[in-house]
Amino acid sequence: MSSKLSLPCALLACVLWNGCDRAPATPTARALRGDFLRAVEVEGFLKAAKSTPLTAPTGADSAMRVSWLAEDGAHVAAGDVVARFDETEWTKALAEAEGKRGGVGLRMEKQRIAASGAESGAELDSDLARRELEMAERFQVSDSSFTSRNEMVESALDAGLARSRDLHARGVRDVQRRVAAGESALLAIEDRQAGEEIAHARSGLTALSLAAPHDGLVVFLRDWRGNTTRVGDSIWPGQRMAEIPDLSEMECEVYVLEADAGGLAIGQKATVRLEAHPEVEFAGQVKRVDAVAKPRFRGVPVQFFGATIQLARTDADLMKPGQRVRARIEIDRRSDVLLIPAAAVLSREGHSFVQRRGSAGFELVSVEIAASDGGRVVVTSGLSAGDDVALAAPESGGSGGETDTAPAAGSPGAPDAGRKPAPAGGAP
């Protein structure tokens with residue numbers, strides 16, 4: 001076999017030799033000026049900006065049980081019944097109050113008869129005592145020439161005794177009258193209380209239905225599980241059960257994940273799409289933001305900031321309360337700013353750095369980051385448009401004679417490579 005290699009084999013050997021001797025090129029990106037937008041995608045539901053609340057009757061002293069409900073989302077006219085409540089408790093209360101009043105009436109009659117009998121007896125005793133006094137005074141002996149002294153003393157004692165009996169009879173009669181008047185007053189109070197209980201029970205019976213105050217669409221409120229009020233549920237007096245929304249002006253209630261809520265604020269622009277009609281887009285802006293993040297579902301620890309989006313227009317033909325929506329909120333929009341990939345930024349002790357290509361290779365440069373959307377960052381100082389920055393730790397002996405003038409990533413004193421800068425702005 002010939003020891004000489006053919007020309008193709010020699011060329012292949014040369015390429016393989018040079019390839020093994022050359023390090024792979026460091027990936028880079030160029031800093032360019034452009035527009036920056038950080039937005040969050042959220043979901044929620046439609047609700048009326050204004051509505052008439054419907055609350056349970058306030059006349060009851062305890063919870064009431066729902067016995068009938070109108071259909072959720074049904075159209076109602078003014079005066080139409082929206083909900084009815086079980087009348088068992090009210091009927092029982094009315095029967096007890098009427099029985100109480102009947103018992104008071106019997107006691108009042110008994111007291112009247114007893115007082116009348118006592119009054120008659122006292123009158124008889126008083127009349128008898130008065131007659132005895134008259135007789136004693138008429139036949140009292142005072143002339144000592146006709147009677148003995150003992151007879152005169154006895155006659156005086158009889159007159160004094162008769163006078164005392166008369167005073168006692170009058171006193172007893174007056175006391176009995178006052179006692180009878182006091183008992184009558186107490187019974188009258190009980191009768192009045194029973195009458196008030198009867199009126200209260202009858203008022204409750206007449207208020208066991210909830211009527212619509214005006215025409216509209218009735219929407220029952222939902223609890224944390226998303227359930228509406230159902231037949232058999234217990235409702236407290238004054239509890240809000242439903243509402244009649246004003247369909248001429250709708251808004252969105254949305255939920256922003258806590259991790260995405262940095263910089264969320266009132267006045268930010270938003271675009272909204274109905275899940276039922278995704279082809280139509282509605283403009284809006286953030287009207288309200290919760291001050292505290294809360295779990296959306298009980299038992300799920302994920303936190304959300306609730307927010308309200310005010311819509312620029314309402315389409316009554318497409319929009320109904322409770323419809324699910326998806327919205328895009330513009331958290332941060334900047335025009336003509338310097339942008340680089342977030343992968344080019346290194347972080348150490350709260351400061352940001354990049355590896356910028358120079359004439360002698362890559363050099364470590366401190367930069368100021370104003371905002372980030374996770375993929376790109378806005379640089380306000382440290383770079384200029386057209387600068388090339390490394391997307392990975394530069395390799396020594398790179399192509400073109402480039403050398404790495406910065407500490408290698410992961411070595412002592414080097415910035416932490418690959419750590420993305422936090423988005424500008426904190427939680428609302």
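- Between the side chains of Glu243 and Ser51, at least one donor-acceptor pair of N or O atoms lies under 3.5 Å.
- Heavy atoms from other residues, nucleotides or ligands lying under 6.0 Å from CH2 of Trp68 number more than 12.
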Might you work through the side-chain contact (heavy atoms from CB on, under 4.5 Å) test for Ile329 and Lys269, ending with a clear yes or no? CA-CA 6 Å; Ile329 302 176; Lys269 294 182 179 180; over 6 Å; no
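- When all heavy atoms of Val286 and Ile266 are compared, the pair lying nearest together is O-CG2, 3.6 Å.
- Using a 4.0 Å cut-off between a side-chain N of Lys or Arg and a carboxylate O of Asp or Glu, Arg288 and Asp290 qualify as a salt bridge.
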I'd like to know whether Met241 forms a side-chain contact (heavy atoms from CB on, under 4.5 Å) with Leu221, so could you lay out the CA-CA distance, the side-chain angles of the two residues, the decisive distance to 0.1 Å, and finally the verdict. CA-CA 6 Å; Met241 297 178 56; Leu221 302 184; over 6 Å; no
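- Here the side chains of Leu274 and Leu46 are in contact, with some heavy-atom distance below 4.5 Å.
- Smallest separation of non-hydrogen atoms from Gly79 and Ala211: O-CB, 3.8 Å.
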Under the criterion salt bridge (Lys or Arg N to Asp or Glu O under 4.0 Å), I'd like the reasoning laid out for Asp191 against Arg101: C-alpha separation, chi angles, the key distance, then a yes or no. CA-CA 6 Å; Asp191 182 71; Arg101 192 171 200 181; 3.3 Å; yes
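- Residues Arg107 and Glu190 are paired through a salt bridge, judged by an N-O separation under 4.0 Å between the basic side chain and the carboxylate.
- Side-chain N or O atoms of Gln268 include one that pairs as donor or acceptor with a backbone N or O of Gly263 at under 3.5 Å.
- Heavy-atom contacts from other residues, nucleotides or ligands closer than 6.0 Å to CD of Gln285 number more than 12.
- Each of Val389, Leu339, Asp388 was evaluated against Arg30; a single residue qualifies, Asp388, per the side-chain contact (heavy atoms from CB on, under 4.5 Å) test.
- Defined by atom type and a distance below 3.5 Å, a donor-acceptor pair is missing between the side-chain atoms of His351 and Ser366.
- Ion pair Glu43/Arg324 flagged as a salt bridge, since at least one NZ, NE, NH1 or NH2 atom sits closer than 4.0 Å to an Asp/Glu carboxylate oxygen.
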Apply salt bridge (Lys or Arg N to Asp or Glu O under 4.0 Å) to Glu330 and Arg333, showing your working. CA-CA 7 Å; Glu330 297 182 3; Arg333 177 184 286 273; 2.8 Å; yes
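- Crowding of Lys47 atom NZ: a count of heavy atoms from other residues, nucleotides or ligands under 6.0 Å exceeding 12.
- Side-chain contact, Glu253 with Thr308: a donor N or O sits under 3.5 Å from an acceptor N or O.
- Classified by interplanar angle (parallel below 30°, tilted 30° to 60°, perpendicular above 60°), the ring pair Tyr255/Phe304 is perpendicular.
- When all heavy atoms of Cys252 and Val272 are compared, the closest pair comes out as SG-CG1, 3.7 Å.
- Other residues, nucleotides and ligands contribute over 12 non-hydrogen atoms within 6.0 Å of the CD atom of Glu275.
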Show the numbers, then the answer: is there a side-chain contact (heavy atoms from CB on, under 4.5 Å) between Asp72 and Val219? CA-CA 5 Å; Asp72 187 26; Val219 178; 4.2 Å; yes
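- A 6.0 Å sphere centred on CZ of Arg33 holds more than 12 heavy atoms belonging to other residues, nucleotides or ligands.
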